[in-house]
Amino acid sequence: MDLTDDPDRPTAVPLSQRAVAARPAPYLEGLNPAQRAAVEVLDGPVLMLAGAGTGKTRALTTRIAHLLMLGRARPGQLLAVTFTNKAAREMKTRIARLLGDTVEGMPWLGTFHSISVKILRRHAEMIGRDGLHLKPSFTILDTDDQIRLLKQLIQAENIDEKRWPARQLAHLIDGWKNRCIGPGSLPRGEGEAFDGHGGKLYAAYQDRLLTLNAVDFGDLLMHCVTLFQAHPDVLRQWQERFRYILVDEYQDTNVAQYMWLRLLAQAHRNICCVGDDDQSIYGWRGAEVGNILRFEKDFPGAEVIRLEQNYRSTPQILGAASGLIAANQGRLGKTLWTDAEPGEPVRLIGHWDSEAEARWIGEEIEAFQGGHRAALGRVGLDDIAILVRASHQMRAFEDRFMTIGLPYRVIGGPRFYERQEIRDAMAYFRLVVSPDDDLAFERIVNTPKRGLGDKALQTIQHAARQNGVNLLEGARIVVEEKQLGGKGLANLRDFVGLIGRSHMAVRDGVGHVELAERVLDESGYTTMWQTDKSPDAPGRLDNLKELVKALEEFENLQGFLEHVSLVMDRDDGEQTEQVSIMTLHGAKGLEFPVVFLPGWEDGLFPNQRAMDEQGTKGLEEERRLAYVGITRAERLATITFAGNRRLYGQWQSALPSRFIDELPEEHVEVLTPPGLYGGGYGAAMAMAGGTRMEERVQKADVYNSPGWKRMQARAADRRGPVHRTPVTIDAAPASRFTVGDRVLHAKFGEGQIIGIAEETLTVQFEAGFKNIKAAYVQPAGGGDDVPF
DNA sequence: AAATTCTAACTTTTT
DNA sequence: GTTAGAATTT
């Protein structure tokens, strides 16, 4: 460990006195002054407030390249953290390009998690307590394994599974770890949550993880933090190693990540965080916007650099987005500007229902293909994205595009390594590599079906516990002592035999690719999918083939498994041009020339639940999400909403999103929907002619006034009675109840009905909104006034 | 043990 | 309208 740095070095140098690189480097050319400052402020804490599309990644990667070129640090002394593997990969390629591939890759450029793994592997034995600690070879549990493990514990502790499903407990535990709250210090309310078992269960869970020599995702960070806190010598070692720390998407850090960073940055204080408080959209999974707002307090003397020149969008798009986000309180404040051509205003259009919305967007896209929008230049399908709030909205577009034969791709479906067949295959590999992996054993012992059900598994577990061995060994004992009968026994014998032979094969140095194929074939796993007649079976077989192919790039199974537990994505090189459909969350960091933003209705977007559970905080996060959506567009953004939408099989009507009212009029053009449904707002819009002026008048008259909303509501009324509650439901009330009644539910307690759709009630409980079948609630002592 | 029917719920998602 | 998980039947 080298200690060459001068501890008395000033932490920040004023901008004016800053030394500029002796010789102008070619990679610095073309940067604007702010970007240049962001690259050249070398020492001390720096907060780069980079708005959407301001070249933040460029500034960050150039900064890294610059540090390396100036010899301020060797690649191994730079710590660069991102949130996704994709971002890390992109950064790596960009740095390599800037440096002309002359410098070896940066070992410490990666996600919080991948870097934590590297650190933890070196100090694993310091994690845990006497007699029970981690080994450097620990495995990383994914959510699936985590939930299975919790289920076992819940059963062992005799906790009511119905009241506290493992899934929910896993979520809670995740939350605790995100906030870096250890077993000793659970928050009072939540620790008691599980019938007072919360703390006990948590401790049991952590113990179980240690005995399995495993950690979950949350542990990776939390263990690092506790390690640093408990062992100052270890911390110092890492602090000294990382001379410069760079963090991307700082607004998305949670408490654990924040502590992790702060600990590591304390020594050199050369930390550069890049983020945009207006793009913080992950509050619901523990991200703290506060971290970015507090940066200057945490690192006194920090230099704050704002990147405000936007290179992505037209002034019209930028204007609309800026106007919208201005409604949020407590922003750090940035004024984005651009010197691009004005471009087209953001287009706004309403439709009768979600099907009309999908139809219209499909037609628009086809029109682009026909070259009807010459002003935009060429627009290919790859240039178009549809960004939705909730994934169920995607269906309407998939259906429509399928029927008109428009190629599309859905981004953000289950990832390759999360698919069932891949996880099964991986479990086989895991068991081959480490016989102690009991979770892998459980997963595959009866996959494909071997006639080994719960009973058989219990027998195996019993045998294993009796002899103090792992499940595989336990199974061997069961086979030897013939504790099972018939077919199950024979199958189990084959299974144990196969794994045993595979262990031998590993020792004999059989090629891992060949071994993998052999295991999958001989276990009958491949056959299982070959004989499966479900429509997705062939796809699964393809995936398996691809998995085996991916193995080739690694030296052995072990190496592959290590890699996979952290890198959970895969690029499939699609060749044909396709329209992208994804959620707004999935779109962060991406850009498209043409963007469609459907479903801007109150309740859907802003999402009702987000507002109920988080109040203004939730609404502001939704607004940031809207901001992210609009700013993805380079040349044309189109916002649409539908008066009626089918949700959970029932038609519901809603008002246009309140965000629509917040868009500055001067950047919005209201379009007329085709195929009017006789009257309603459509009739009003039909009056609009083609000229700007008329559109303006119409806009002022129509979309900005309560009258427009009334008209919209009246149109909906013709289809039946409508209850105007936050989420309105269009149907006759269930006979026994009316809106406003108080009801009693076995699990959620007392609540108030705020919506009725046939037999489904929307009830406001203390715990939040729930849709519940009328049969499951009792009328409760009423008399309370209805708030609506 | 496997196939079948029934039930209750339903944001956003990375590692 | 769909889906995962539980309950029930075969």
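Letters A, B, ... mirror the listed sequences (proteins, then strands); counts begin at 1. None of these values were measured; they are calculated from a predicted model.
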A:Asn446 side chain near B:dA2 phosphate (N/O to OP1/OP2, under 4.0 Å): yes
Residue A:Lys455, side-chain atoms from C-beta onward, closest of C:dG5, C:dT2, B:dA1: B:dA1
Under-4.0 Å side-chain N/O to phosphate OP1/OP2 contact, A:Tyr282 with B:dT11: no
Phosphate OP1/OP2 of B:dT12: any A:Ser391 side-chain N/O under 4.0 Å: yes
Phosphate contact (C:dT2 OP1 or OP2) by A:Arg395 side-chain N/O below 4.0 Å: yes
Minimum-distance nucleotide to A:Arg285 side chain [options: B:dT15, C:dG1, B:dT13]: B:dT13
Nucleotide of B:dT11, B:dT15, C:dG1 approaching A:Arg646 most closely (side-chain heavy atoms): C:dG1
Gap between atoms CD1 and C1', on A:Ile147 and B:dT13 respectively (whole Å): 13 Å
Comparing A:His171 and A:Leu452 on DNA chain B - which has the more 5′ nearest nucleotide: A:Leu452
Given C:dG5, C:dG1, B:dT12, the nucleotide with the shortest approach to the side chain of A:His585: B:dT12
Donor-acceptor pair, side chain of A:Arg359 and main chain of A:Arg400, under 3.5 angstrom: no
Base of B:dT12 and ring of A:Trp284 stacked, centres under 5.5 Å, planes under 30°: yes
Out of B:dT11, B:dT15, B:dA1, whichever nucleotide has its closest atom nearest the side chain of A:Ala456: B:dA1
Polar side-chain atom of A:Arg89 near backbone of A:Thr84 as donor-acceptor pair, under 3.5 Å: no
Smallest separation among heavy atoms of A:Thr253 and A:Phe112, with atom names: CG2-CZ, 3.9 Å
Side chain of A:Glu613 - closest among B:dT12, B:dT11, B:dT15: B:dT11
N-glycosidic conformation, B:dT11 - syn within 90 degrees of 0, else anti: syn
Proximal nucleotide (of B:dT12, C:dG1, B:dT15) relative to the A:Phe217 side chain: B:dT15
Listed partners of A:Glu398 passing salt bridge (Lys or Arg N to Asp or Glu O under 4.0 Å), at least two apart: none
Contacts of type ring-ring contact (aromatic ring centres under 6.0 Å, His included), residue A:Phe495, not counting sequence neighbours: A:Phe441
Presence of A:Ser116 side-chain N/O under 4.0 Å of B:dT15 phosphate oxygens OP1/OP2: no
Which nucleotides of DNA chain B pair, in dot-bracket form (Watson-Crick or G-U under 3.5 Å, | meaning another strand): ||||||||||.....
A:Asn607 vs B:dT12: side-chain N/O to OP1/OP2 distance below 4.0 Å: no
